[in-house]
Amino acid sequence: MKSQDFTYAVSRIRMKETKLLSRKDIERLISQNDYQSVLRTLAELDFGGDNNSDADDILLAEQNKLWSLMAELVEDMSVFDIFRFQNDYHNLKVCVKSVYSNTSPDSMFVSGGTIDAKDLYEKVKNRDYKELPELLGDTAAKSFDILLKTGDGQLCDAVIDNASLKAVALFAAQSQDEVIKDYAELYVDSANIKIAVRGSKLNKSYEFFRKSMAASENLNIELLARSAVKGFDEICSYLATTKYKDAVEYIKTSMSAFEKWCDDLLISGMKKQKSEPFTIGPLIAYILAKQNEIKVVRLILIAKLNSLDDAKINERIREMYV
Amino acid sequence: MELGLFLALLGAALATFMAGIGSSIGVGKAGVAAAGVLAEEPSLFSKVLILMLLPATQGIYGLLVAFLILQGVGIIGGGAGEISNLEGLLYLAASLPIAASGLFSAIHQGKCSVAGIHTVAKKPDTMGKSLIIPAMVETYAILALLISILAINGIGSLGL
């Protein structure tokens, strides 16, 4: 990774942080009576784009604002590849399935990957993986073969998800930044735990777990996979012996409680970046804070659309960065 | 005479350029941070300008010491007399505190100013507190300036 000076970028981020939604703003959104008043309040808070009439447009506008800001702030966007890879692998799933089923992929692509989604589609269609990054190319070939031979979309997804986790872990291993390593560690570990819990409910095989889980320093995936085959209680007993023992009670409650626990852990870990003036840390923390904010606003919008209780919304609200 | 004068001049040069390098790095760093904040909030200009200029003082201290040396040996004001090798060396030694302390304190003060600018960006009300923290680093440049001035004045009264 090229060394860059982030002093200017961090200075602008410090100003941008003052405009992130605070806990008070979130409470104000929750206290609105209906979906339309939430949209109006979001417009007052300068959240979203020019057209604040639709939830998807607002959230997409915020995502686009985030990434165009980052493109202004750094010379080389490859420092954010840890986030961009996830979009590449999502697009790969879309490509492989579209080519297999001979359907149009356009509406399902996400922007913000390291490779243009349409280029990727052409390459998968022509089975021409030479110009793709090694891991992405190998995964494209492997997942397409699996789909052709077995027609099993879930297994194909599992292979691609696993490669996505490996790409994140590999990027973090090559990075010098603690904040990237911390993020990748929690990202990979929480994905492994989710695979174990969800897979055990569906009675998945040991091979499935091993194919889906990615190596991690904190979790022995061999043991986690064996526990997952035995059942949910075994997963909890294994996790109680690891760094994630505090997560067990949340996993027992529900997967969404566990996801909230992971998000809160990530955001609270990022808060130390508020006093870091020179490194990429505050930028990564801002990206995560913004994504967290988008997640929370989406949750409130969906809840209001479905007339959910304020108490139920509050249960799911994440800790905010500011 | 020539070597003595050269050593004294070397002292004046060291005081100017080392403290000057420190200040330019420090102000440069703080300037980058100030530009970042102003890109988002131009109304903070006066506040960030003060913080940005804090590391500039070391360069001025270096200039002052160089000026005193040049005056001491008679290059400024005329009447450059006999400067023995020992006297030249003493002027060189007298320039070192501000040269070294100016270089390092300005760089570190610049970093501190960047952090201060970030604090002001988030909380403009904390301007006073944000100013005091990098100003602490200034203490060591002032101590060095004091010793350099006392030493230069002392050389003149040695009667060498």
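These numbers come from a predicted model, not from an experiment.
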Subject >> Segment of B:Ala39 engaging chain A (4.5 angstrom heavy-atom cut-off) >> reply: side chain
Say you draw a straight line from [atom1] of [X] to [atom2] of [Y]; how long is it, rounded to the nearest 0.5 Å?
{"X": "A:Thr7", "Y": "B:Lys111", "atom1": "OG1", "atom2": "NZ", "result": "10.0 Å"}
{"X": "A:Thr18", "Y": "B:Glu40", "atom1": "OG1", "atom2": "CD", "result": "8.5 Å"}
{"X": "B:Leu38", "Y": "A:Arg12", "atom1": "CG", "atom2": "CZ", "result": "11.0 Å"}

So does [X] have more than 12 non-hydrogen atoms from other groups sitting under 6.0 Å from [atom1]?
{"X": "B:Gln71", "atom1": "CD", "answer": "yes"}
{"X": "B:Phe104", "atom1": "CZ", "answer": "no"}
{"X": "A:Asp34", "atom1": "CG", "answer": "yes"}
{"X": "A:Lys271", "atom1": "NZ", "answer": "yes"}
{"X": "B:Tyr140", "atom1": "OH", "answer": "no"}
{"X": "A:Lys19", "atom1": "NZ", "answer": "yes"}

**OP:** Show the numbers, then the answer: is there a side-chain contact (heavy atoms from CB on, under 4.5 Å) between A:Lys274 and B:Lys122?
**Re:** CA-CA 10 Å; A:Lys274 285 182 183 175; B:Lys122 287 193 90 166; 4.2 Å; yes
**OP:** Check for a donor-acceptor pair, side chain of A:Ser11 on one end and backbone N or O of B:Gly36 on the other, with a separation under 3.5 Å.
**Re:**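 Not a single qualifying donor-acceptor pair exists.
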Subject >> Any side-chain heavy-atom pair of B:His118 and A:Ile13 under 4.5 Å >> reply: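 The answer is no, as the side chains (C-beta and beyond) never meet within the 4.5 Å cut-off.
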**OP:** Taking all heavy atoms of B:Ala121 and all of A:Arg14, pick out the closest pair and write down the distance.
**Re:**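 Here B:Ala121 and A:Arg14 meet closest at CB-CB, 4.3 Å.
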